[in-house]
Amino acid sequence: MRRSEFGELADHVFGPALAHTYTRDLVLEPMGGRTAEQALEEGLPVRAVWTALCDAMDVPESDRWEIPPHLRR
């Protein structure tokens, strides 16, 4: 998973405004008490950060990985 995919999925799953807020402000314990933004900046695996964010926000597995073709950038 690339960082650009992370941003695209976050915008799709949470909406752009909440995606920005969650990645910047939500502390993720599985990422060592870092926010998603901090974890990504420090080079932690993008997929692991995405999974931790989705787990923290109770996003169902079925909604985590696919953006319908008509909604893709």
Side-chain angles (χ1 to χ4, degrees):
M1 174 179 211
R2 296 182 314 250
R3 193 166 176 170
S4 61
E5 291 173 301
F6 179 99
E8 233 179 300
L9 283 169
D11 285 351
H12 173 70
V13 171
F14 303 115
L18 285 177
H20 179 74
T21 299
Y22 293 160
T23 57
R24 187 189 65 218
D25 298 333
L26 183 67
V27 173
L28 304 170
E29 289 306 317
M31 296 292 105
R34 297 172 180 89
T35 65
E37 190 173 274
Q38 290 168 332
L40 292 170
E41 286 174 6
E42 292 179 23
L44 275 70
V46 179
R47 183 181 276 278
V49 176
W50 176 245
T51 299
L53 179 60
C54 288
D55 287 349
M57 299 308 299
D58 294 322
V59 176
E61 187 71 30
S62 60
D63 295 337
R64 295 181 183 196
W65 301 105
E66 185 65 35
I67 299 173
H70 70 281
L71 296 176
R72 294 180 187 161
R73 295 181 197 167

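The first residue of the sequence shown is numbered 1, and numbering continues consecutively from there.
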(message) Using only atom types and a distance under 3.5 Å, with no angle test, would you say the side chain of W50 pairs donor to acceptor with the backbone of R64?
(response) yes

(message) My understanding is that only one of L28, V27, T35 makes a side chain to side chain contact (heavy atoms under 4.5 Å, CB included) with M31; could you say which?
(response) L28

(request) Would you mind reporting whether R47 and W65 have side-chain heavy atoms less than 4.5 Å apart? (result) yes

(request) Could you point out which residue of L53, D55, V49 forms a side chain to side chain contact (heavy atoms under 4.5 Å, CB included) with T51? (result) D55

(message) For a quick test of reading the model, state the closest non-hydrogen atom pair linking L44 to R34 and the distance between them.
(response) CD2-NH1, 4.1 Å

(request) Kindly indicate whether the side chain of V59, heavy atoms from C-beta on, has any atom under 4.5 Å from the side chain of F14. (result) yes

(request) Specify the closest pair of heavy atoms between D11 and P16, including all atoms of both residues, with the distance to one decimal. (result) OD1-CA, 3.6 Å

(request) List for me each residue that meets side chain to side chain donor-acceptor pair (under 3.5 Å) alongside R3, sequence neighbours excluded, and say none if there are none. (result) none

(request) Measure across A19 and A10 and return the closest heavy-atom pair with its distance rounded to 0.1 Å. (result) CB-O, 3.4 Å

(request) Evaluate the side-chain proximity of V13 to M57: yes if any heavy-atom separation is below 4.5 Å, no if none is. (result) no

